[in-house]
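Reading through the structure tokens given below for one structure.
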Amino acid sequence: MPTLFQQRVYEAIGRIPKGQVTTYALLARHVRCGSARAVGQALRHNPFAPKVPCHRVIAADLRIGGFCGARDGTQIRRKRALLATEGVTFDAKGRLADPARVFRF
DNA sequence: CGTCCTGGGAACG
DNA sequence: CGTTCCCAGGACG
């Protein structure tokens with residue numbers, strides 16, 4: 001069962017418009033959390049697997065970041081694919097192609 | 001209350 | 001640009 005903190009995080013993620021992404025830092029800030037890592041932890045537990053577009057959350061340095069507890073691997077590939085579907089693309093270096101697609105709360 | 005965990009972030013070289 | 005160090009916070013026992 002989701003904790004209050006997680007609900008806040010998921011809710012925030014749910015507000016991310018399609019085609020845009022957010023960073024853990026911004027997200028953490030939005031939930032008034034001083035640490036992005038805590039947010040990542042919540043996302044990692046992600047009880048609402050596909051329901052919560054956790055793939056829309058990237059790192060503050062505009063990198064893909066991790067996904068499902070993995071910083072690289074097939075799952076990251078899935079994340080990239082999902083984002084690509086929404087128009088969010090990353091360059092070969094793994095950086096966000098369009099920094100403008102970062103959604104600011 | 002104490003311990004371990006975190007998909008990160010910021011700073012420094 | 002790459003590497004290193006760090007804090008903050010949350011969940012869990």
Side-chain angles (χ1 to χ4, degrees):
Chain A
M1 6 189 124
T3 65
L4 177 62
F5 180 70
Q6 291 179 0
Q7 289 183 53
R8 273 180 263 170
V9 176
Y10 305 141
E11 186 183 5
I13 294 174
R15 292 179 199 172
I16 303 172
K18 186 184 174 185
Q20 291 195 277
V21 290
T22 279
T23 70
Y24 292 93
L26 289 169
L27 192 70
R29 243 180 88 168
H30 190 80
V31 299
R32 205 176 132 327
C33 180
S35 66
R37 309 184 87 179
V39 178
Q41 201 174 40
L43 258 142
R44 188 197 184 219
H45 301 156
N46 191 8
F48 307 94
K51 186 174 182 188
V52 179
C54 33
H55 59 268
R56 284 186 193 168
V57 188
I58 63 175
D61 58 304
L62 301 184
R63 288 197 175 214
I64 298 178
F67 190 58
C68 296
R71 300 170 88 101
D72 52 76
T74 309
Q75 310 200 76
I76 296 299
R77 241 164 94 186
R78 292 284 294 291
K79 183 173 180 177
R80 277 179 67 174
L82 283 162
L83 288 170
T85 305
E86 299 180 0
V88 183
T89 53
F90 293 85
D91 64 15
K93 302 176 187 65
R95 289 185 296 118
L96 182 65
D98 307 299
R101 288 182 182 283
V102 178
F103 174 66
R104 306 246 174 167
F105 289 98

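In this text the structure is predicted, and so the values were computed from the model without any measurement. In what follows, every chain begins at residue 1, and chains take the letters A, B, ... in the order their sequences are listed.
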>> Between the base of C:dC7 and the side chain of A:R37, is there a donor and acceptor pair under 3.5 angstrom?
In response: yes
>> Going by purine N1 to pyrimidine N3 plus the second Watson-Crick contact, or the G-U wobble pair, all under 3.5 Å, which nucleotide sits opposite B:dG13?
In response: C:dC1
> Under 4.0 angstrom, heavy atoms only, what part of the nucleic acid is A:V39 near: base, sugar-phosphate, or nothing?
Replying inline: nothing
>> What's A:G69 touching, base or sugar-phosphate or nothing? Going by heavy atoms closer than 4.0 Å.
In response: base
> Ignoring hydrogens and angles, does a donor from either the side chain of A:Q41 or the base of C:dG9 sit under 3.5 Å from an acceptor on the other?
Replying inline: yes
> Run the side chain to side chain contact (heavy atoms under 4.5 Å, CB included) check on A:L26 and A:F103 step by step: do they pass?
Replying inline: CA-CA 9 Å; A:L26 289 169; A:F103 174 66; over 6 Å; no
>> Using whole Å, what does the distance between atom C1' of nucleotide C:dA11 and atom CD of A:Q6 come to?
In response: 8 Å
> Roughly how many Å is it from CZ in A:R71 to C1' in B:dC5, rounded to a whole number?
Replying inline: 13 Å
>> From CD1 of A:I13 over to P of B:dG7, roughly how many Å is that when rounded to an integer?
In response: 15 Å
> Could you give the distance from CG (A:L43) to NE2 (A:H55), rounded to the nearest 0.5 Å?
Replying inline: 11.5 Å
>> What is the separation between atom CZ on A:F5 and atom P on C:dC12, rounded to the nearest whole Å?
In response: 13 Å
> In whole angstrom, what separates A:R78's CZ from B:dG7's P?
Replying inline: 19 Å
> Nearest to the side chain of A:F67 - C:dG10, B:dG7, B:dG8?
Replying inline: B:dG7
> Has the side chain of A:R101 got a donor or acceptor atom that lies under 3.5 Å from a matching backbone atom of A:G19?
Replying inline: yes
> How long is the line joining OH of A:Y24 and P of B:dG8, in whole Å?
Replying inline: 6 Å
>> Quick check: closest heavy atoms across A:F105 and A:A12, and the distance to 0.1 Å?
In response: CE2-O, 3.6 Å
> Starting at CZ of A:R32 and ending at C1' of C:dA8, how long is that distance when rounded to a whole Å?
Replying inline: 12 Å
> Does C:dC7 have a Watson-Crick or wobble mate here (both distances under 3.5 Å), and if so which one?
Replying inline: none
> Mapping A:T23 and A:A38 onto DNA chain B by nearest heavy atom, which one lands closer to the 5' end?
Replying inline: A:A38
> Using a cut-off of less than 4.0 Å, is there contact between a side-chain N or O of A:S35 and OP1 or OP2 of C:dC7?
Replying inline: no
>> Suppose you measure atom C1' in C:dG13 against the same atom in B:dG7; what distance do you get, rounded to whole Å?
In response: 25 Å
> Is the shortest heavy-atom distance from the side chain of A:T89 to the side chain of A:D98 under 4.5 Å?
Replying inline: yes
> Can you tell me how far P of C:dG9 sits from NE2 of A:H45, to the nearest Å?
Replying inline: 17 Å
